[in-house]
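For reference, the structure discussed in these notes is given below.
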Amino acid sequence: MSPAVTEKSGSQTLILMVASAAIGGTLQYGYNLAIMNAPTTFIQNFINETFLERWDIQLEDYQVTLVWTIIVSIFSLGGLSGALIAGPMTIHFGREILGSESCWQYLLGSNAIPGFIQLLTLPWFPESPRYLLIDRGDKEACINALRQLRGCEIQSSELDEILQEQIEAKGTRPSRPWELFSDRSVRWQLISVMVISSAMQLCGNDSIYFYASYVFKEAGISDDKIQYITIGTGACEFTACIMCNLLIERKGRRFMLMGGYIFMTIWAVVFTVALWFEHNISWMPYLSMTCIFTYILSFGMGPAGVTGVLPTELFSQNARPAAYMIAGSMMWLSLFIIGMIFPFLVSDLNEFCFVPFGTVCIMSALYVGLFLPETKGKSLLAITREFQKLNYKGQDKNDESQTQANYQLGEVGPSTAL
């Protein structure tokens with residue numbers, strides 16, 4: 001087979017693999033967020049009718065809202081469970097893990113379809129090269145997986161990096177989540193992942209999908225237009241994520257993350273002003289709607305595209321599963337909290353409902369600017385060296401040197417996230 005045909009085949013394999021992972025992963029996540037908005041009124045009526053029919057109780061508005069928030073938020077507890085078991089399952093099994101009013105029940109159940117598609121397609125794709133070599137010790141399978149994904153002969157520097165990491169990991173076992181909390185050598189890496197993972201949900205972006213009806217009604221948008229605007233919000237974030245992928249290797253993770261949160265802060269302020277004057281100026285509802293779109297656009301350009309890769313770039317192979325468990329737990333817990341309190345923020349704070357989110361965004365931008373080093377084009381050793389300045393600030397230099405020796409992976413090419 002000619003090199004051109006082999007490279008084309010490898011590219012197709014990689015594209016199909018990414019599509020399969022997206023269909024069963026991020027698509028399901030976004031789908032769950034989006035579909036909960038369309039049947040909002042029907043589900044709330046269903047809650048009222050059920051309580052009245054079974055227990056002869058007429059719920060008040062705040063009680064209906066409370067039950068509704070539990071229904072909306074409960075799937076995030078399932079996500080939390082998944083985050084807690086994903087790390088150990090990845091170590092033991094690799095990538096292949098099981099992963100109108102009359103029709104709203106079927107709409108909510110339809111999210112099983114993408115998971116089923118992923119279940120059928122994933123076995124046809126190669127395992128993670130790092131997993132094959134470091135966790136299973138199968139060098140030949142690692143090389144074959146790299147060739148299948150790349151569609152060409154692999155670069156020596158790419159394989160050398162994995163081999164060096166295998167040497168460093170030899171004789172050690174994967175870290176457990178609680179061990180990372182007591183490991184000073186990864187203290188600020190762990191703090192950074194926890195802060196940024198939590199901020200991704202506490203910034204309130206996903207609540208716009210959960211409670212689009214609440215948000216757009218508060219912004220003065222008529223009921224008959226809300227469903228179409230909700231579709232636009234999803235298209236807006238999709239476009240932003242594509243743009244982020246095009247820019248992230250040019251501008252860097254830190255720049256995109258900090259810039260996204262800064263713009264989100266600005267739009268949260270403008271949105272608050274627009275809500276304040278919406279009854280006095282006729283065009284203010286349209287400004288409010290514009291702010292929501294730009295808020296989502298800023299989120300997609302920064303936090304949505306960068307947060308997920310940080311555990312891979314900040315931790316060694318032995319610590320990554322535990323780091324992802326902690327990051328995932330923080331994300332899902334934060335999403336559950338926001339999902340529970342957001343309707344009450346809207347009803348109690350009114351035009352100031354986005355002030356808490358703007359506060360989270362500006363604090364996140366400050367944290368990234370002050371404590372998170374740029375990871376673009378750097379080896380794990382180089383990234384670790386920068387964090388050691390924080391981990392061992394004011395401590396014995398011998399401790400810092402010893403920790404750096406444990407991460408001696410060598411200077412390599414631009415990718416640390418293979």
Side-chain angles (χ1 to χ4, degrees), residues 30 33-34 36-37 40 65 69 72 198-241 243-244 256-305 307 334-335 337-368:
L33 293 178
M36 291 305 296
N37 175 67
T40 296
T65 301
T69 58
V72 166
S198 300
M200 184 176 176
Q201 302 299 344
L202 296 178
C203 70
N205 180 81
D206 289 340
S207 298
I208 294 175
Y209 294 99
F210 270 156
Y211 303 110
S213 296
Y214 285 95
V215 175
F216 289 123
K217 282 180 182 178
E218 191 68 25
I221 308 301
S222 59
D223 291 341
D224 59 326
K225 296 179 180 178
I226 287 178
Q227 57 180 329
Y228 302 106
I229 296 173
T230 304
I231 296 174
T233 58
C236 184
E237 184 167 348
F238 176 73
T239 303
C241 288
M243 294 173 63
C244 180
M256 299 295 292
L257 198 58
M258 186 165 58
Y261 279 123
I262 289 174
F263 276 109
M264 290 170 73
T265 304
I266 294 172
W267 294 120
V269 172
V270 176
F271 184 50
T272 301
V273 174
L275 290 177
W276 180 265
F277 290 104
E278 70 174 354
H279 299 297
N280 300 321
I281 303 175
S282 60
W283 50 267
M284 276 298 168
Y286 298 100
L287 177 59
S288 299
M289 185 173 64
T290 301
C291 288
I292 291 175
F293 279 99
T294 51
Y295 194 86
I296 293 173
L297 185 67
S298 302
F299 175 81
M301 290 284 289
T307 304
S334 300
L335 180 60
I337 293 170
I338 289 297
M340 288 294 295
I341 69 172
F342 186 79
F344 301 101
L345 287 178
V346 173
S347 60
D348 293 342
L349 298 181
N350 297 314
E351 61 269 14
F352 300 107
C353 62
F354 259 67
V355 170
F357 302 133
T359 303
V360 169
C361 290
I362 190 61
M363 292 176 65
S364 301
L366 287 172
Y367 181 89
V368 172

* To do: Only counting residues at least two apart or in another chain, list the ones meeting side-chain contact (heavy atoms from CB on, under 4.5 Å) with L287.
  => V270, A274, W283, M284, C291
* To do: Please report the shortest heavy-atom distance between M301 and A240, naming the atom on each side.
  => SD-O, 3.5 Å
* Structure fact -> Note: S298 and M264 closest approach over all heavy atoms is CB-CG, 3.6 Å
* **With Y367 via ring-ring contact (aromatic ring centres under 6.0 Å, His included) - residues at least two apart** => F371
* Asked: How far does CD1 of I341 sit from CG of D348, to the nearest 0.5 angstrom?
  -> 10.5 Å
* **All side-chain contact (heavy atoms from CB on, under 4.5 Å) counterparts of T290, not counting sequence neighbours** => T294
* For T307, what residues pass the side-chain contact (heavy atoms from CB on, under 4.5 Å) criterion, not counting sequence neighbours? -> I196, S197, M200, L257, P303, M331
* To do: Measure the CD1-CH2 distance between I281 and W276 for me, rounded to the nearest 0.5 Å.
  => 13.0 Å
* Asked: Roughly how far apart are F299 CZ and Y261 OH, rounded to 0.5 Å?
  -> 7.0 Å
* side-chain hydrogen bond (donor to acceptor under 3.5 Å, both in side chains) contacts touching residues 264-273 (sequence neighbours left out) -> none
* **C353 SG to L345 CG distance, which is reported to the nearest 0.5 Å** => 7.5 Å
For residues 354-365, which side-chain N or O atoms pair as donor and acceptor with protein atoms under 3.5 Å away, sequence neighbours left out?
unit_1	atom_1	unit_2	atom_2	d
T359	OG1	V355	O	2.9
S364	OG	V360	O	2.7

* Asked: How far apart are the closest heavy atoms of Q201 and I338, and which atoms are they?
  -> O-CG1, 3.7 Å
* Asked: Distance from M243 atom CE to L297 atom CG, nearest 0.5 Å?
  -> 6.0 Å
